[in-house]
Structures are given as structure tokens and as C-alpha cells.
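For reference, the structure discussed in these notes is given below.
Keep in mind the model is a prediction, meaning the values are calculated, not measured. Atoms considered below: every heavy atom in the structure, side chains included; atoms not considered: hydrogens, waters and symmetry mates. Numbering of ligands and ligand atoms starts at 1, following listing order.
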Amino acid sequence: MLQQSLRTRSPLIARSTAAEWLAYFQANHVNSRVIDWQNTQRFCPTERQRLGHSIAIFQLGEGSEGHRLMKAMRTWAAQGGDQAWVEVLKWFIREEQRHAADLGRLLDHEGWPRLRSHWLDSAFRRLRGGWNLEMSLSILLIAEIVGLLYTRALQRATDHPIAQAVAAQIAWDESQHLLMQSCLLGLLRQGRSPRWLGLTRSLHRSLLWVTLRLVWPDHRCVFRAAGWSFAQFVRTAMTELDRAIDPSS
Ligand SMILES: [Fe+2]
Ligand SMILES: [Fe+2]
């Protein structure tokens, strides 16, 4: 009950400080969905063919240690940023690792091998490295949007109870990660000119579009099973991005 009320109420709560986000992550840790790992239902043969490889790729992408993001955050904090965000980011990374662990357990449950590498995951990790906090978060935001849409689609693509529960929890978490990163990016971009913000928005949308094009071939079976076309995928992703980088839109 508490879990349900938190889920329905929280998106409406405007959390704007590190302390509020820290409290959220700690509460979400306690209230996260209980998954019935003993459930014996398996994917049907069609689903195995459609979903298996896609889930394995997605699981790999969720498995980041977040070292470079933490380094960028610590650098920002050392240069006068709010130190309290360092702790928030630790909780955020812990949550991402839970996603990878749960998806890994789902793969194990189905007897599917875990992937060790995938070219797109490697490219994305390289792209995320070496930037300042703002750029790191901007790139991360793209991954969050893909993760959010993917897990929403996965819930619709199957009635497998464990996959549904794992996807529902991740979709919830990612929706909040987007809000958190939006909040932090807003903080970092305070005082920037409208022209600069407009340019940033265009670059962000271009990066998202390229990512969606690259992601689609590996995951289209999931999105199509959920009834989404590529055009819908792009439209929804762009709407999420616009909300995240300009919460007033
Ligand atoms: Fe995630
Ligand atoms: Fe996330």
C-alpha cells in the first residue's frame, strides 16, 4: 500500500534539493517492488526468439559502475558545487546496479547467457567518459530515456510475471532518474542565455535521434511487440527529452 501510494504520488512532488533526492532514493530502496523469483512461468517460444537477445543487450547497458560520472561529480563538488549531490549520485548508481542485477537474474531464470560486450554499449561508455558533470549528465539523460521507453515497452510486450515486475520497477526508477538529472542539469545551467539553451536543446535532440536510430535495430522486436513504430518511439523519446531539459515545456 505504501509502495503504491509512493508510486502514484511521487512524480507530482517537485524535489529540487539534494536532501530531497537523497530521501527519495533511500525510500525507494526500502519500497522497491518485491519480485517473485520463484515463479516458474517461462517466456513462450515466440517471446524467446523476439526478446532474449534484446534483454541481454539491455542488461549489459545497465551494468555501469559509474566511476567516471562519480569523478565528474566530485570534481564539480570540489569546485564549489553542493557536496550533498555526491551522496545522491551514489544512491543513483546503486539503483542502476540493481537494474543490471535484476535483469541478469531474469536472464539466468530463462537460461539465457549474459553478454560480455556489445559494440553499442562500448561506444556509449566511451562517449560518456572524460567529460565534465554537465556533459556526462547530458549523455546519461539519453540512456535514461531509452531505458524508460524500453522498460515501458517490455511490460506491454509480454505477460511474463518476472519480466513484467522487473520492467515496471525499472520504468519507475528511470522516470525518477530523469527528474533528478533534469533538476541537476537545471542547477548547472542556471544563468545561461536563452540562445545558449536553445543551441544545447538542438544538440541534445540530435544526439538522441542518432541514439534512437542505433538502438532500434537491436530492440525493435520489443517495441513492435508493444505496438510501437519507430516514429512513435522517436516522438515519445523527444517528448521525454523536452520535459527533462525544459521542465516548463
Ligand atoms: Fe537503469
Ligand atoms: Fe536510470
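- For residues 210-219, the set of pairs meeting the side chain to side chain donor-acceptor pair (under 3.5 Å) definition, not counting sequence neighbours, comprises Ser54-His219, His118-Asp218.
- Aromatic ring centroids of Trp228 and Tyr150 lie 6.0 Å or more apart.
- Listed by chain and residue number, nothing satisfies the side chain to side chain contact (heavy atoms under 4.5 Å, CB included) test with Gln49 (two or more places apart in sequence, or in another chain).
- By the salt bridge (Lys or Arg N to Asp or Glu O under 4.0 Å) test, Arg224 pairs with no residue at all, sequence neighbours left out.
- Atom CG of Leu208 sits about 7.5 Å away from atom NE2 of His204, to the nearest 0.5 Å.
- Protein N/O/S atoms found under 2.8 Å from the Fe ion (ligand 1), listed by chain and residue number: Glu62 OE1, Glu96 OE1, His99 ND1, Glu174 OE2.
- Ring-centre distance between Phe25 and Trp91: not below the 6.0 Å cut-off.
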